[in-house]
Amino acid sequence: MKRPLQVTLLVLSGLGLLHASLFTDLSLRFVKEGMRPMLVASGVLLLVLGVAEAWSSQKPVSGDDDADGHGHGHGHDQDDGHGHDHSTVPRIAWLLFLPALSLLFYAPPALGAYTAAREAPKAVAEQRYFDPLPATSPIPLTLTQFTSRVQQDHKRDIGGRSVRMTGFVTPDKGADGWYLTRIIFTCCAADAQSVKVRIHGAAALPANTWVTVTGTWHPGGTLGTSSAPAALDARTVKKVAKPVNAYTDALPLF
């Protein structure tokens, strides 16, 4: 690849990373918050490399000719004197510009209901001990906390208690109810998993709408065992703004 194109690619990639991680929150669609500083550092490094490459290309090249003025036959456009032309940019190299430009002008859409509807919910880690539930009502819980309480708390403290949770809407076509959903990143979008709670008694809003739901556990199976469904009889459903860091299973928004 010619030097001007190398410089352009390095600068565009650096600007794209900085745009996604430093000047906007786009990077949170793809990686966890903790990786943001590394993306910023990578963007700065690419810009520095681009500037260094541009500066070095302006320096005069020495040693291309013999002392008597005769060339070696190893110029930039030939390889080992066999006449192979390297001045043409390989076609595949142009594809490298696509991800750089996309970070600047068209970031891929965030993961949401489409992804969650096509994968099994994340398995909730086994938990043996649960702290007593607070006296407040409704109780703010994450979707993971609610699922753990329903399926693993042998004291069955969650039964009959009003709870409040926040997530986005994932429709379930052809079935009763819909899912309140969170997508969780362990590291980045490649390892994303969803946690879902089925909502009964309330009409589904459009897919990917962020809502806070208040209600009580929807009976089924045996509470405190794996046969109990992670489901809620909704009393209220309130639209809320999408959180900046949407790929965590956080406590409900107020």
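- The distance from the CH2 atom of Trp210 to the CZ atom of Arg182 is 4.0 Å, given to the nearest 0.5 Å.
- Shortest non-hydrogen contact noted between Gly224 and Ala228 is N-CB, 4.4 Å.
- Considering Asp249, Val124, Ile139, Val197 as possible partners of Phe146, the one that fulfils the side chain to side chain contact (heavy atoms under 4.5 Å, CB included) test is Val197.
- A side-chain donor from one of Thr212 and Thr166 sits under 3.5 Å from a side-chain acceptor of the other.
- In this structure, Pro140 and Leu251 approach most closely via the heavy-atom pair O-CD2, 3.8 Å.
- Of the N and O atoms on the side chains of Asp233 and Thr216, not one donor lies less than 3.5 Å from an acceptor on the other residue.
- Tested against Thr214 for a side chain to side chain contact (heavy atoms under 4.5 Å, CB included), the candidates Pro138, Pro252, Ser137 yield a single pass: Pro138.
- Looking at heavy atoms from C-beta onward, Asn208 lies out of side-chain contact with Tyr114 at the 4.5 angstrom threshold.
- What you find for Gly221 and Pro229 is that their closest heavy atoms are N-CD, 4.4 Å.
- Here the NZ-OG1 distance, from Lys239 to Thr209, works out to 5.5 Å after rounding to the nearest 0.5 Å.
- Side-chain atoms of Thr225 and Ser227 include a donor-acceptor pair closer than 3.5 Å.
- Annotation: side chain of Val163 is in contact with side chain of Leu232 (closest heavy-atom distance under 4.5 Å).
- To the nearest 0.5 Å, atoms CD (Gln151) and CD (Gln127) are separated by 12.0 Å.
- Under the 4.5 Å side-chain criterion, counting only non-hydrogen atoms from C-beta, Glu126 is in contact with Gln152.
- Of all non-hydrogen atoms in Thr222 and Arg156, the two that sit nearest each other are CG2-NH2, 3.6 Å.
- A chain of hydrophobic side-chain contacts below 4.5 Å, direct or via other Ile, Leu, Val, Met, Phe, Trp or Tyr residues, connects Val240 to Ile183.
- Here the side chains of Leu205 and Trp178 are not in contact, with every heavy-atom distance at 4.5 Å or above.
- Annotation: side chain of Ser194 is not in contact with side chain of Tyr179 (no heavy-atom distance under 4.5 Å).
- Listed for the Arg161 side chain is no donor-acceptor partner under 3.5 Å among the backbone atoms of Asp157.
- In this structure, the side chains of Val169 and Leu180 stay at 4.5 Å or more apart for every pair of heavy atoms.
- The structure places NZ of Lys155 at 10.0 Å from CG of Leu133, a figure rounded to the nearest 0.5 Å.
- When all heavy atoms are compared, the tightest approach of Ala116 to Thr170 is CB-OG1, 3.9 Å.
- A heavy-atom distance below 4.5 Å is found between the side chains of Leu223 and Trp217.
- Between Ile158 and Asp153 the shortest side-chain heavy-atom distance does not fall below 4.5 Å.
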